[in-house]
Amino acid sequence: MTSATRPRARGRALTGALATLGLSVGMLMSVGSSPASAATWPTPNGSQGVSSTISVSGTKDYGMKRLYGTGDLGSGSQDEDQGPILELADGAVLKNVVLGAPAADGIHCLGSCTLQNVWWEDVGEDAATFKGKSSSAVYTVSGGGAREAGDKVFQFNGAGTLNVSNFAVQNFGTFVRSCGNCSTQYKRTINLNTIEVTWKGSRLAGINTNYGDSATLRNITIIGDSSKKIVPCQKYIGNNSGKEPSTNGSGPDGTYCKYASSDVTYR
C-alpha cells in the first residue's frame, strides 16, 4: 500500500565500512574503511534467479547467496502488485542472503519472522513487508543493510512489533513506514536500535498517531546529512480509505516518537 508520493529517481550507491555500526566481523565480508563511509556490502556466494515466489518455513540459511527476480519478478519496476522473492510463514527465520536487482517486492512476512544478516543491494517495491494480523506478532531484523530504495525500505502493514537493529541503510525514501492507508489498520510498535543511516533519505520512521503507533530510536548514526534534512520520526494521521495520509508533526514527544537528541549522532 502506498503511504507517500513515490520518487522515481534511483541510482547506485558507494560502498565502504563503518565499525561503529555494531555489525559483527562475521557479518562483514570485507573491512578497512574510513569512519566517514557506509557499511561494507558482502560479496555474494553465487547467484540464483527466482521466477516465482519462494515459500519459507522453519529456518533457511542461504549462505550469502544472491537471489534476484526473473520473469514475472524481474521487471525492476515500482508496481505495487508485484510478488515477493521470498514469502515467510509465521515463525520463519531467514539467514545470510543477498537480494540483488531486480528484487520485486523483496520479502513478505505473513506473521512473526526473523531476518538475520539479510542485505538488499537495490530495493525494488519494498525491501520487506510485515503482514501478521496478531498484536503479539514480533518481526525481528538483525544485521544486514539496504540501499537504493526509491520509496520505503520496510513496510509495516500488519499488527505487532517491529525490531530493527545493527542495520545499514542508504539512499532511501522512508526507512520504516507504518501503513498510512491500509484497508485494515492496527496499532504498530517500531523499535530502531544501532542503525547506520547514509544520506540521502527523507525519514527514518513514519507512524500513525491516531492508531496509537510508536517509534523508539536508539543509537542512530546519520552520515553526510549536514543540513539535518532526514526526519527521524514523522507523524501522520492514517486512514483505511486508501487516501494519502496527512502529516501530524514530527520530532520527539515521549508518546509516539520516543527518542532524545542524544540518540541521534550526525557525522
Side-chain angles (χ1 to χ4, degrees), residues 10-45 47 61-68 85-86 94-103 105-107 109 113-130 139-155 162-177 190-205 217-225 230 265 267:
R10 304 179 73 192
R12 300 294 173 181
L14 299 176
T15 60
L18 180 66
T20 56
L21 174 61
L23 300 178
S24 67
V25 173
M27 289 172 56
L28 297 178
M29 310 306 285
S30 61
V31 296
S33 61
S34 69
S37 57
T40 295
W41 296 77
T43 301
N45 182 21
S47 295
D61 188 335
Y62 274 95
M64 298 313 299
K65 179 179 286 186
R66 175 194 283 125
L67 305 180
Y68 63 93
I85 301 291
L86 296 157
L94 177 68
K95 297 182 177 182
N96 304 319
V97 65
V98 178
L99 269 67
D105 201 23
I107 296 169
C109 285
C113 67
T114 298
L115 309 181
Q116 182 178 335
N117 197 31
V118 177
W119 299 80
W120 289 262
E121 294 178 325
D122 190 335
V123 174
E125 162 58 15
D126 300 311
T129 303
F130 306 100
Y139 319 92
T140 301
V141 180
S142 177
R147 63 190 181 195
E148 303 307 319
D151 189 9
K152 300 173 294 294
V153 177
F154 296 128
Q155 178 69 39
L162 170 60
N163 300 314
V164 185
S165 63
N166 297 328
F167 197 88
V169 62
Q170 63 183 81
N171 203 7
F172 61 101
T174 298
F175 181 44
V176 180
R177 179 65 169 105
I190 298 168
N191 297 308
L192 306 181
N193 193 337
T194 314
I195 309 297
E196 177 203 274
V197 182
T198 301
W199 175 259
K200 61 183 178 179
S202 296
R203 59 198 68 82
L204 297 185
L217 281 60
R218 299 288 184 267
N219 302 316
I220 308 297
T221 300
I222 299 179
I223 301 168
D225 183 17
I230 296 174
T265 300
R267 296 188 175 176

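Since the structure is predicted, the reported quantities are computational estimates derived from the model, not experimental observations. What you see below is based on every heavy atom in this structure, not just the backbone, and it leaves out hydrogens, waters and symmetry mates.
- In this structure, the side chains of Tyr62 and Asn45 stay at 4.5 Å or more apart for every pair of heavy atoms.
- The shortest distance between side-chain heavy atoms of Leu217 and Leu204 falls below 4.5 Å.
- Within the 4.5 Å cutoff, the side chain of Trp120 has no heavy atoms near those of the Val153 side chain.
- In terms of modelled atom types and a separation under 3.5 Å, the side chain of Asn96 and the main chain of Met64 share no donor-acceptor contact.
- Residues Trp119 and Pro42 come closest through the heavy atom pair CD2-CD, 3.4 Å.
- From Phe154, atom CZ reaches atom OG1 of Thr174 across 13.0 Å, with rounding to the nearest 0.5 Å.
- Here the closest heavy-atom approach between residue Gly100 and residue Glu121 is recorded as CA-OE1, 3.4 Å.
- Formation of a donor-acceptor pair under 3.5 Å by the Arg147 side chain with backbone atoms of Val169 is not found in this model.
- The CZ atom of Arg177 sits 8.0 Å away from atom CZ of Arg203, with the distance rounded to the nearest 0.5 Å.
- Heavy-atom minimum distance, Glu196 versus Ala39: OE2-N, 2.9 Å.
- Test Leu99, Leu67, Val141 against Ile107 for side-chain contact (heavy atoms from CB on, under 4.5 Å) and you get one pass: Leu99.
- In terms of the ring pair (Phe, Tyr, Trp, His ring centres under 6.0 Å) criterion, Phe172 has no residue partners (sequence neighbours excluded).
- You'll find the side chain of Asp126 reaches within 4.5 Å of the side chain of Asp105, heavy atoms only.
- Val97 and Lys65 make their closest contact through CG2-O, 3.4 Å (heavy atoms, listed as atom of the first residue, atom of the second, distance).
- Scored by the side chain to side chain contact (heavy atoms under 4.5 Å, CB included) test, Asn219 finds Asn193, Thr194 as partners (sequence neighbours excluded).
- Heavy-atom minimum distance, Phe167 versus Val118: CE1-O, 4.1 Å.
- In this structure, Gln170 CD and Lys200 NZ are separated by 12.5 Å, a value rounded to the nearest 0.5 Å.
- The two residues Val123 and Ala146 have their closest heavy-atom pair at CG2-CB, 4.0 Å.
- Residues meeting the side-chain hydrogen bond (donor to acceptor under 3.5 Å, both in side chains) test with Asn163, sequence neighbours left out: Asn191.
- Contact check for Val197 versus Phe175: no side-chain heavy atoms found under the 4.5 Å cut-off.
- Listed by chain and residue number, Phe130, Phe156 satisfy the ring pair (Phe, Tyr, Trp, His ring centres under 6.0 Å) test with Tyr139 (two or more places apart in sequence, or in another chain).
- Looking only at distances, a side-chain donor or acceptor of Asp225 sits under 3.5 Å from a matching main-chain atom of Ile230.
- Applying the side-chain hydrogen bond (donor to acceptor under 3.5 Å, both in side chains) criterion to Ser47, with sequence neighbours excluded, gives Arg66.
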